[in-house]
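What follows is a set of notes on a single structure, which appears directly below.
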Amino acid sequence: MSRLPSGLRARLVITFTLVAVAASVIVATIGFELAKSALVTRAEKTSIDLVTRELGRITFPVGRLREGEAAPTTRELNAIGRVLDGPGRSVFIEYGNLTYANGTLSMSDIPNELAGQARSGVATQRKVIKGQLWLIVGTALFRREGTAAPEATGLRAFVFFPLHDEENQLDMLRVKLVQGSVVILLIALVVALVSARRVLLPVRRLSAAAQALGQGRLDTRLPVHGQDELAELTARFNDAAAALELSVSELRALEAMSRRFVADVSHELRTPLTAMTAVADMLSEEANYLPKAPAEAVRLMLNEVERLRELVEHLIEVSRFDAGTATLNVEPVNVADAIQDCLEMRGWNDGVRVNASQGLTVNLDPRRFDVIVANLVGNALKHGKPPVMISARGTENGLEVKVRDHGAGIPPEALPHVFDRFFKAGARGRSQGSGLGLSIARANVHLHGGTISVRPQDPGTLFTVWLPHQ
C-alpha cells in the first residue's frame, strides 16, 4: 500500500493543487450550467416568438373553426404547415383525424405531457429523438375575430426545432472550460511550488541554525525579514539562541572555575600530604613498639593518609582530563609484562590469575595502561571475591583486556552508573575508595580511542576493555 508524501513541501503542493482542482471544477460546472441554461432559454424564447409570429399571420374566414362547424380542410392544414415550416424544422399539425407532417416525425414522437399542455396554450419540451436533441413547441391555434378573446379549438400544431447548434456551442464551451481548468491547475501548481519554497526556505534556515546550535556554534543567528509569523518565529529563535549562549557561557565559566579550584586544591594538598606521608612512614616503623591504643591510632592515621593521598592523585588526574591537557605517549608495550609489572608493583601477584600471550606487543601509553589495569584489578580485589582473572588477547582491530571477579556482583540498577564519578553501589558506598577509579579508567580508555563495558556474570562481574591500534 503506497504511503502519502510526508514532507511539508509535498503536502503544501498537494493541498494547493487539490484546492485549485476543486475550485476549477466548481467554477467550470457553474459556468457550464449557466451557459447551458442561457442557451436553452434563448432557444426556447426564439422558437416561441417565431411560432407565435408565424401563427399571427394566419387568417380564417369569419365563423370558421367554431365548435360544431365544418373542420378545416387538408388544404388549409397544408397552408398552416407551410407557414410554420423552415430550414431544419419539422412540423406536425393535428385536427381530429386530419394531420399534417413534413418529415419523419409523427405524433408518437410528441410527449403526452406536452400534447396535453398544448391544448390550452404554448408549451415547450426538449427530447432526444433518434439520437438528436429537439426542442418541441406545441400550441393550440386560435380563431381571431376582432378584439374578442380567442377561443381554443381542437387544432394543434407542433414544431420541432433542432438544437444541434446549441449542442455544438456547449461542446465547444466544455472544451474551453477543460482547457481553462488545465491552465488554472498549472498556474496553481507553479504558485504552490513558489509558495512552498518561500514558506520552507525560512524553515530550512531555522533547521540548519538549530543544527548549528546543537553542534556548539552558539553565536548562530538568522536575519529577520518581514513582519509575518515566520519572521516572528525567527526573532524568537534568535532570542532563544542569545539566551542559550549567555547561559552556556556562564555555565562554562562556573565549570572552569570549579575545575581550577579542584586542580588548585589538589596541587596545594600535595605538598603537606608529602610531608604527612613521610611522617607516617616513620610512625609506621615505630607503631609496633607503641602501646596498643596509640598503635591503633597510628595505623588508623596511616590508612587515612593513604586514602587521602589516593584521593588527591585521583583529583589531579581528573582535573587534567577536565582541562583537556591529558595526552598520550604511545610506544610499543609488551602487554603480558605490563600487566605483571602492574600487579607486582602493588603486591597483587598472588591474588590474580593472568592469561596473556608473552609475545603480544601493542602500541599504547604504558602509564595510562597501568592506570587502567590497576583500577580494574583493584576494584575487583576490593569489592569482589577470588579468583580474580585478567586476560588479554590481540584482535583484528586492537587489544582486548578482560577483568573478572567471582563476588556478589553489582546490582542491575547500578550497572549504568558504575563509571560515574564518586558513585558507589551497595556495600561499596561504605568502602574507603574515592569512587573515582572506574571513572579514571574509562577516561584513559577513551583517550586511547577505545571502549570499556561491564556485564554481570554468574557469579561476579566482567569488565571488558578494547583499545584500537595506535
Side-chain angles (χ1 to χ4, degrees), residues 33 35-173:
E33 291 298 328
K36 178 180 178 180
S37 177
L39 283 175
V40 171
T41 301
R42 186 184 67 180
E44 289 181 349
K45 185 176 183 302
T46 302
S47 301
I48 292 174
D49 290 343
L50 188 147
V51 171
T52 303
R53 184 175 65 252
E54 296 297 333
L55 289 178
R57 296 167 49 195
I58 300 174
T59 58
F60 293 98
V62 177
R64 290 291 304 276
L65 299 179
R66 291 182 181 274
E67 187 174 350
E69 294 183 353
T73 64
T74 302
R75 181 179 177 182
E76 291 174 330
L77 291 183
N78 293 336
I80 297 173
R82 286 193 297 273
V83 170
L84 296 177
D85 199 1
R89 291 180 236 159
S90 293
V91 180
F92 181 83
I93 303 175
E94 176 215 18
Y95 185 85
N97 295 325
L98 295 178
T99 60
Y100 168 84
N102 69 334
T104 58
L105 302 180
S106 62
M107 191 65 186
S108 62
D109 297 317
I110 301 172
N112 295 330
E113 182 181 0
L114 177 64
Q117 293 174 351
R119 294 182 182 277
S120 58
V122 180
T124 61
Q125 187 171 339
R126 297 185 302 277
K127 183 179 179 182
V128 177
I129 303 175
K130 299 177 181 179
Q132 184 177 351
L133 181 63
W134 297 83
L135 175 64
I136 307 174
V137 179
T139 182
L141 296 180
F142 294 95
R143 168 184 174 275
R144 302 180 181 277
E145 186 176 354
T147 58
E151 297 178 2
T153 69
L155 182 61
R156 292 179 298 173
F158 298 92
V159 183
F160 297 79
F161 292 90
L163 295 179
H164 53 79
D165 290 339
E166 285 75 8
E167 285 186 306
N168 292 335
Q169 293 181 22
L170 290 176
D171 290 339
M172 291 179 59
L173 177 61

Task: For the student: nearest non-hydrogen atoms of F158 and G138, plus distance - done: CD2-CA, 3.5 Å

TODO: Heavy atoms only: give me the nearest I93-G81 pair and the separation to one decimal.
DONE: CD1-N, 3.4 Å

TODO: Please determine which of T52, L84, V51 meets the side chain to side chain contact (heavy atoms under 4.5 Å, CB included) test together with V137.
DONE: V51

Task: Nearest atoms (heavy-atom pairs only) where P111 meets I136 - done: CD-CD1, 3.9 Å

Task: Atom NZ of K127 with >12 non-hydrogen neighbours under 6.0 angstrom - done: yes

Task: From D109, I110, V159, residue fulfilling side chain to side chain contact (heavy atoms under 4.5 Å, CB included) relative to F92 - done: I110

Open item on the list: Filter on side-chain hydrogen bond (donor to acceptor under 3.5 Å, both in side chains), then keep only pairs touching residues 163-172, sequence neighbours left out; what's left?
Closed with: D171-R174

Task: Approximate separation, where rounding is to 0.5 Å, of L39 CG and E44 CD - done: 11.5 Å

Open item on the list: If I take atom CG from residue L133 and atom CG from residue L163, how far apart are they, to the nearest 0.5 angstrom?
Closed with: 4.5 Å

Open item on the list: To check you understand the geometry: which heavy-atom pair defines the closest contact between L170 and K36, and what is its length?
Closed with: CD2-CA, 3.7 Å

Task: Heavy-atom closest pair, residues L173 and A35 - done: CD2-CB, 3.1 Å

- [ ] Salt-bridge test for R89 and D85: reply yes if a basic N is under 4.0 Å from a carboxylate O, no otherwise.
- [x] no

Task: Atom pair OG1 (T139) and CZ (R156), whose distance is rounded to the nearest 0.5 Å - done: 11.0 Å

Task: Residue pair L114 / T124: nearest heavy atoms and the distance that separates them - done: CD1-N, 3.8 Å

- [ ] Determine whether T46 and F161 make a side-chain contact, defined as any pair of heavy atoms from C-beta on separated by less than 4.5 Å.
- [x] no

